[in-house]
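Below is one structure, written out as structure tokens; comments come after it.
By convention in this document, chain letters (A, B, ...) are assigned in the order of the sequence lines, proteins followed by strands, and residues within each chain are numbered from 1.
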Number of protein chains: 2
Amino acid sequence: MTLRSKPKNGFRNRLLNGLPPPALRRLRKHLKEVTLSRRDSLHEPGKPFRFVYFPETAMASLLTVLKDGTQTEVASIGREGMVGLPAFLGAKRSARRAICQMPGTAWRLSAAELVRQTHRGGPLSDLLHRYAQALFTQMAQLATCNRLHTIEQRCCCWLLMTHDRVEGDEFYVTHEFLSEMLGARRSGVTVIAGTLQRAGLISYTRGRVTILDRRGLEKAACECYAIVRREFDSLLRA
Amino acid sequence: MTLRSKPKNGFRNRLLNGLPPPALRRLRKHLKEVTLSRRDSLHEPGKPFRFVYFPETAMASLLTVLKDGTQTEVASIGREGMVGLPAFLGAKRSARRAICQMPGTAWRLSAAELVRQTHRGGPLSDLLHRYAQALFTQMAQLATCNRLHTIEQRCCCWLLMTHDRVEGDEFYVTHEFLSEMLGARRSGVTVIAGTLQRAGLISYTRGRVTILDRRGLEKAACECYAIVRREFDSLLRA
DNA sequence: GCTCCTTTGTACGCCAGCGCACACAAAATG
DNA sequence: CATTTTGTGTGCGCTGGCGTACAAAGGAGC
């Protein structure tokens, strides 16, 4: 049970990897590999889309930003997806913020070229449609989850989703950053981090999270994780 | 400031109404006008899409259903949209539940025909892409709203969105039903209904809501309403 | 080694909203 | 007109999570 897959086309990104060779050839020369650092901004609310990104080892977050500056995560995007779906859907400007959450590499494509290559349908368009559907599920579930589930449950969900998208069982995220994603207090996250450590599910020191007991985490999470996960698996299996 | 618009093609639904005549002619013979009653189920989680719906006077809700049966609203769909977007996006089965929230009429189209007519792009496909983008914004904002805002604010948002989608200033919804949509207690909604009435913003007796002071409601709501509203207006102006 | 900064641990008072329970009124039904 | 159902008003104790504050524990640089 993992989102990782053997590169077939030399791409780890599942969307690119899922393209048939001719479609990939058309796209290939427009793709540029870029390295993203933690907190790099990929899109800003109200700003035009210049590029979209297909994460390889990097991972991004979609954030809603409120007037007072508060921002919370509404979706996370790793190698299973693309950052900038609205550009494909015909939006000229981003409605949300997108930032790099875990540093790494991604393939960058100009928004204009994306539109050009998907304008009349085709395999890339089909893949992005399916991805859009998966993203809908992720957001819908998060809306419900945010309303009904405890911070502890949601924190477990977050750790699991991140674990799915990174290499290995270890990644870097501070309580502070995580609390912002979850829309909670930093000290609330600290308490939960303590609970999860004492339960032997993770180890967590100074930003260094290690997943020790995935099964246990899945039990401690709400059903939302499994629902989203299943949807991604079934839609992007193709 | 209203989502309503003069029918150009004899359709109140803004997507159908926005189609150029040739595209509309192709679609027309496959559309069947249906009357929907409150709480009619349009799609069920896990079940195949047979039809999609373009509401005229009816209004629908998209709900996430949890294992324990709890369901909460993740989006509402009126004449500005279509129920069953995932069918257009290539999903065979619905991931969520869709029900009729306000009775009325809608144009029904078979999911297969929708796919056929949008397969290679075209005006309907373009419109649905833009609508998908608007729906993303609605869901993203709701996820944030559910996390950060009070029930009172969210209740005002809900009333405003509904007001935008129905004829006139009056509609029917019980505290019980509203509380389910908001993911709150029935008695919590009752208290807030009282507050809003005492403030002269609405009148509300036995399911009969009348919007008395829209401006006031907009002030009592969080910014989420305005954000979603602006996005819909700008994307569907076309 | 010492200093500074980031990150974490912990505590305390507070309140929005929950779960539950019960009473009552208006409408529907027989 | 009596009875049942549906919808509303209200109260009470409880708790998850907030806002805030402060101190301690790594690390990074000098």
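- Note on A/E167 versus A/R79: salt bridge recorded, some NZ/NE/NH1/NH2 to OD/OE distance being below 4.0 Å.
- Checking B/Q141 against B/E231 by side-chain atom types alone, no donor-acceptor pair falls below 3.5 Å.
- Comparing the axis of the opening five pairs of the helix from C/dG1-D/dC30 to C/dG30-D/dC1 with that of the closing five pairs yields an angle of 40°, rounded to 10°.
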Walk me through it: do B/F88 and B/V52 pass the test side chain to side chain contact (heavy atoms under 4.5 Å, CB included)? CA-CA 9 Å; B/F88 161 68; B/V52 300; over 6 Å; no
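- In this structure, the CZ atom of B/R38 is 15 Å from the P atom of D/dT6, given to the nearest Å.
- Rounding to whole angstrom units, CG of residue B/L148 and C1' of D/dG19 are separated by 14 Å.
- Rounded to an integer number of Å, the gap from CD1 of B/I151 to C1' of D/dG16 is 14 Å.
- Taking atom CD on A/E152 and atom P on D/dC18, their separation rounds to 14 Å, with Å as the unit.
- The two residues B/A143 and A/V74 make their nearest non-hydrogen contact at CB-CG1, 4.2 Å.
- Under the 3.5 Å distance criterion, with hydrogens and angles disregarded, no donor-acceptor pair is assigned to the side chains of A/E56 and A/T105.
- In this structure, A/T57 OG1 and A/N13 CG are separated by 11.0 Å, a value rounded to the nearest 0.5 Å.
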Side-chain donor-acceptor distances from residues 191-203 of chain A under 3.5 Å, at least two apart:
unit_1	atom_1	unit_2	atom_2	d
A/T195	OG1	A/V191	O	3.0
A/Q197	OE1	A/Y204	N	3.1
A/Q197	NE2	A/Y204	O	3.4

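- The only member of B/E44, B/H43, B/R39 that meets side chain to side chain donor-acceptor pair (under 3.5 Å) when paired with B/S41 is B/E44.
- Spacing between atom CG of B/L182 and atom P of C/dA16 amounts to 17 Å, rounded to whole angstrom units.
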B/S/- along nucleotides 7-12 of chain D (protein heavy atoms under 4.0 Å) is BBBB--
